[in-house]
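A short worksheet on the structure shown next.
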Amino acid sequence: MTESPLPWKQAIECEALRGPSSSNLDNLPQAEPISVSSVWQMESPETADAALEGKEGVFVYRRDGHPNERSLARKLAKLNGAATAMVTSQGMSAIAATALALLKPGDHVWVASELYGKSVQLFTKDLARWGIGHQAFDPNDEKQLQRLADSNAKLVFVETLSNPRLRLAELDKLAAAKDAAGSLLVVDNTFATHLICRPLDHGADIVVESLSKQVNGHSDAMLGMVATADAEIGGKIRDTLSTFGMASSPLDCFLTHRGLSTLAVRLERACNNAMELALSLRELPEVQQVDYPGLSEHPQHKACLGQLRGGFGWMLTFQLGTNWEGVHRLFHALSPAIPFLPSLGDVTTSVSHPASTSHRGLTCEGRKALGITDGTIRVSCGIEPKDWLVNQFCAAIQRSAQLK
Ligand SMILES: Cc1ncc(COP(=O)(O)O)c(C=O)c1O
């Protein structure tokens with residue numbers, strides 16, 4: 001294959017647009033066919049053996065891979081600059097399989113103190129039952145990075161942009177610390193996607209992502225991704241996915257493959273909407289703080305300019321000095337135009353409430369330490385016209401404040 005003359009971002013956008021990458025017909029269909037078979041006929045024991053060893057293009061049993069999974073995963077590997085990628089049943093199975101494949105009792109994991117609530121539960125509670133220790137740390141504290149460099153950490157887990165306060169994990173610095181410790185850096189890239197940041201380019205060993213979010217983009221499929229530059233690590237994770245039964249569904253792969261082809265245009269619009277909304281919300285007296293990487297007051301705005309490309313993301317978080325009742329009033333005022341949706345990355349803008357949904361598993365003190373209060377509201381921006389969107393929020397915030 002010849003080198004593309006396009007800058008990498010344009011080249012990967014074009015890659016995402018192309019139709020199916022392989023077919024056993026004489027000419028390619030433009031739309032990806034959905035392959036529902038759970039098992040494939042084997043020509044001989046040799047064929048079965050080679051296929052189960054990972055030979056490309058031959059399938060055995062859906063749990064070990066299927067045509068819709070392979071064509072999506074092949075594309076995702078290229079887009080993420082990885083040697084290999086796998087599509088899993090959900091974002092959580094991508095994270096769980098990575099941990100289960102690479103850790104054993106007695107190992108120690110360093111996990112960012114601010115993460116999606118289920119990831120916190122996995123690393124601090126569930127893996128602890130398997131004898132795997134953990135250390136919570138702030139990826140942006142130089143002293144803690146030095147301690148990480150001197151530690152015996154087997155694996156380091158962070159989110160590119162954290163859920164929900166949108167703190168950036170500065171990956172080049174983290175990669176230097178994990179190299180010194182001889183550990184593996186796993187980055188959850190759900191709040192960025194490969195178009196905004198490619199963690200493998202910054203020294204990460206493995207990138208995981210919930211494809212249920214922006215890559216699919218329509219809240220109608222659940223999938224996860226694991227991608228790595230190390231084929232041996234990829235093989236271990238693939239075995240774990242099969243043993244633990246974490247395979248993807250063909251229909252969900254089909255839908256997500258379709259979502260991937262419009263990701264670049266959706267993302268550009270959603271990032272612009274998030275920037276406009278962040279700028280407008282910070283002018284409102286009712287809003288105490290806005291967390292958005294594109295704002296100059298974001299504590300890592302400069303680092304974001306260096307690490308994020310093509311936008312600062314579609315997620316923003318703001319603080320209202322109120323309790324659950326005040327949040328309920330606001331959500332009622334926003335509805336039905338802006339739904340309360342405990343998810344993110346849809347074409348429709350939505351709001352969520354971390355204290356009662358994604359971070360409900362943490363104690364009140366645990367949430368407070370992360371700056372998550374009862375009045376913390378997370379917004380996932382969609383692709384609506386920006387003036388309409390800003391008006392919906394400003395009017396609803398003012399209306400609900402008057403109802404106090
Ligand atoms: C940052 C992050 N990682 C992982 C997940 C889990 O993904 P899934 O819901 O596809 O299991 C989520 C879900 O919200 C998330 O926000």
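Since we're looking at a predicted model, the values are computed, not measured. Counting starts at 1 for both ligands and their atoms, in listed order.
Interface of N163 with ligand 1, defined as ligand atoms under 4.0 Å from a residue heavy atom, comprises 16 (O). Remark: ligand 1 atoms within the under-4.0 Å shell around heavy atoms of M222 are 9 (O). Every atom of ligand 1 with a heavy atom of E159 under 4.0 Å away is listed here by number and element: 1 (C). Set against the non-hydrogen atoms of K213, the atoms of ligand 1 under 4.0 Å away are 9 (O), 13 (C), 14 (O). Listed by number with element, the atoms of ligand 1 under 4.0 Å from a non-hydrogen atom of D188 are 1 (C), 2 (C), 3 (N), 4 (C).
A donor and an acceptor atom, one from each side chain of N68 and S35, are nowhere located under 3.5 Å apart. For the 3.5 Å distance criterion, the side chains of E209 and T190 fail to qualify, holding no donor opposite an acceptor. Inspection of the H66 and S248 side chains reveals an N or O donor paired with an N or O acceptor under 3.5 Å.
Residue-level proximity to ligand 1 for K118 is absent, since no heavy atom of it falls below 4.0 angstrom.
For the side-chain contact (heavy atoms from CB on, under 4.5 Å) with H202, the lone residue among D172, T160, L174, V187 that qualifies is D172. Screening R147, K154, H134 for a side-chain contact (heavy atoms from CB on, under 4.5 Å) involving W110 leaves a single residue, R147. Only one option out of Q144, R167, K143 pairs with D138 in a side-chain contact (heavy atoms from CB on, under 4.5 Å); it is Q144.
Given atom 15 (C) of ligand 1, the protein heavy atom at minimum distance is Y116 CG, 3.6 Å. The single protein non-hydrogen atom nearest to atom 11 (O) of ligand 1 is M92 N, 2.9 Å, given as residue, atom name and distance.
For L344, no nitrogen or oxygen atom sits less than 3.5 Å from a nitrogen or oxygen atom of ligand 1, counting backbone and side chain alike. Residue G91 has at least one N or O atom closer than 3.5 Å to an N or O atom of ligand 1. For the pair S119 and ligand 1, the shortest N or O to N or O distance does not fall below 3.5 Å.
Nearest to atom 7 (O) of ligand 1 by heavy atom, out of P342, S343, S210, S162, is S210.
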Verdict with supporting geometry, L260 and H194, side-chain contact (heavy atoms from CB on, under 4.5 Å): CA-CA 11 Å; L260 180 64; H194 57 272; 3.8 Å; yes
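Atom NE2 of H328 sits in a sparse spot, with 12 or fewer heavy atoms from other residues, nucleotides or ligands closer than 6.0 Å.
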